[in-house]
Amino acid sequence: MPWNTLGVNGGGLVRTAQGLRLLNARSRGERYCNAQLDDYAGLPRSRFPNRPPLRLTVRARFSHPAGVLSGTAGFGFWNDPFLMTDLRLPALPRALWFFYAGPPSDMRLAAATPGWGWKAASLDMLQPGAVAALPLAALAAPAMLSSRLYYRLWPFFERRFAIAETLLTASLTDWHEYVLDWQTQQATFGVDGRTVLVAPAPSGPLGLVIWIDNQYLAVHPSGWLRHGLVAKNATQWLEIDDLSLEQYASSRKR
């Protein structure tokens, strides 16, 4: 399947000597800006093309270090649940990816990890255990305004929502090889040949996405939510030197 490209309000894609650069132009954060590659635009979620077992390998770097890079960025698989592309009904999220969020984002999906930074992460709120736990999570939300109760209660929902994430120590501005090995029961994330996370894996189908944008999200299990746009004080980018997507049954490259 050919790549779909998206450039919105100063977002664009540029060929470089190293490969392909997805960039966001300098801006004041007044309009949503996004540069994106994906393989699912125009498709219903039931026809998203990726299912396990497969392996995604990406060699990549960013223009700025963590904390200076703003907005969100990354690469991996998800079900595009929030109407980011095309007109689909909203859905509960499924994701399996290398994900960056800069401050003021605060998305502490796992209680033991910071709410922003460069992470390997997995989430599946469509599995049966997750769907069944949603009403209980709504009832427990007011109690999780208390930090003490949050740390006692939230791990139960982490397991039900198949949440797993870890903060990566790899420098964003250096070249690194990132590998996501997606099996039917679990996914293994690697950086430069070293395993950094073994996580529960969604079953799919999911879409492959690579992006950098200027949005932020702060969300808490107590129900608190804040979303908006951030400024780019200079042009920021994600550069891809090499990418392969290998299906175990029939190997393919893009």
Side-chain angles (χ1 to χ4, degrees), residues 1 3-4 36-40 43-60 72-81 91-101 107-113 117-134 155-170 176-211 238 240-254:
M1 175 177 290
W3 286 108
N4 307 298
Q36 180 171 309
L37 288 170
D38 67 67
D39 65 0
Y40 56 82
L43 298 176
R45 290 192 186 92
S46 61
R47 292 181 56 201
F48 279 17
N50 303 292
R51 292 175 172 82
L54 56 76
R55 180 181 293 112
L56 173 67
T57 303
V58 179
R59 187 170 183 264
T72 73
F75 37 83
F77 306 98
W78 76 330
N79 64 339
D80 192 18
L92 293 170
R94 275 180 163 167
L96 190 65
W97 54 15
F98 291 94
F99 177 85
Y100 174 79
M107 292 180 282
R108 191 173 303 184
L109 298 182
T113 60
W118 182 220
K119 303 178 183 182
S122 176
L123 166 70
D124 186 359
M125 293 188 68
L126 281 172
Q127 65 171 342
V131 175
L134 284 173
F156 168 84
F157 295 103
E158 281 186 39
R159 294 189 295 272
R160 294 301 182 275
F161 300 152
I163 292 171
E165 60 177 6
T166 188
L167 191 67
L168 301 177
T169 59
H176 296 285
E177 182 181 76
Y178 300 91
V179 176
L180 202 174
D181 193 351
W182 181 13
Q183 301 289 324
T184 54
Q185 298 297 320
Q186 68 179 29
T188 302
F189 296 79
V191 180
D192 297 331
R194 181 175 65 89
T195 297
V196 294
L197 178 67
V198 178
S203 60
L206 299 177
L208 175 58
V209 62
I210 304 169
W211 87 99
L238 160 59
I240 304 296
D241 173 45
D242 188 42
L243 182 149
S244 68
L245 185 61
E246 300 170 294
Q247 197 87 43
Y248 289 178
S250 56
S251 180
R252 58 179 177 170
K253 290 216 173 188
R254 295 181 184 169

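FYI, the numbering just counts along the sequence from 1. Being a predicted model, the structure only gives us computed values, none of them experimental.
The shortest non-hydrogen separation linking His176 to Asp192 is ND1-OD2, 2.6 Å. A pairwise comparison of heavy atoms in Ala120 and Leu197 identifies O-CD2, 3.5 Å as the closest pair. For the residue pair Gly207 and Phe48, the shortest heavy atom distance occurs at N-CD2, 3.3 Å. Across Gln183 and Pro53, no two heavy atoms sit closer than the pair OE1-CB, 3.9 Å. Closest approach of Ser122 to Pro202, counting heavy atoms only: OG-CD, 4.0 Å. Contact record, Pro205 with Ser46: CG-O, 3.9 Å, taken as the closest heavy-atom pair.
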Exercise for review: Give the C-alpha distance, both sets of side-chain angles, the deciding distance and a yes or no for salt bridge (Lys or Arg N to Asp or Glu O under 4.0 Å) between Arg59 and Asp241.
Suggested key: CA-CA 5 Å; Arg59 187 170 183 264; Asp241 173 45; 2.5 Å; yes
Kindly indicate, with the supporting measurements, whether the criterion side chain to side chain contact (heavy atoms under 4.5 Å, CB included) is fulfilled by Thr166 and Phe189. CA-CA 10 Å; Thr166 188; Phe189 296 79; over 6 Å; no
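Counting heavy atoms from C-beta outward, Trp97 and Leu123 have side chains that stay 4.5 Å or more apart. With a 4.5 Å cut-off on side-chain heavy atoms, Leu167 and Thr113 do not count as touching. Counting heavy atoms from C-beta outward, Asp242 and Thr57 have side chains that stay 4.5 Å or more apart. Between Leu245 and Asn50, the closest side-chain pair of non-hydrogen atoms falls below 4.5 Å. In this structure the side chain of Leu126 reaches within 4.5 angstrom of the side chain of Asn79, judged on heavy atoms. Residues Asp80 and Asp38 form no side-chain contact, since every pair of their non-hydrogen atoms from C-beta on lies 4.5 Å or further apart. Between Gln127 and Ser203 there is no side-chain heavy-atom pair separated by less than 4.5 Å.
Using bins of under 30°, 30° to 60° and over 60° for the plane-to-plane angle, the ring pair Trp211/Trp78 lands in the parallel bin. Ring orientation note: the planes of Tyr178 and Trp118 are nearly perpendicular, at an angle over 60° on the 30°/60° scale.
The CZ atom of Phe75 sits 10.5 Å away from the CG atom of Leu208 when rounded to the nearest 0.5 Å. Atoms CD and CE, from Glu165 and Met107 in turn, are 9.0 Å apart once rounded to the nearest 0.5 Å. Leu168 contributes atom CG, which lies 12.5 Å from atom OH of Tyr100 (distance to the nearest 0.5 angstrom). Rounded to the nearest 0.5 angstrom, Leu96 CG and Asp181 CG are separated by 10.0 Å. Note that CG of Leu54 and OG of Ser244 are 10.5 Å apart. Values are rounded to the nearest 0.5 Å. For the atom pair CH2 of Trp3 and CD1 of Ile210, the computed distance is 4.5 Å after rounding to the nearest 0.5 Å.
In this structure, the side chain of Glu158 engages the main chain of Ala111 through a donor-acceptor pair within 3.5 Å.
Checking each of Phe99, Tyr40, Trp182 against Phe77 for a ring-ring contact (aromatic ring centres under 6.0 Å, His included) leaves exactly one that passes, namely Trp182.
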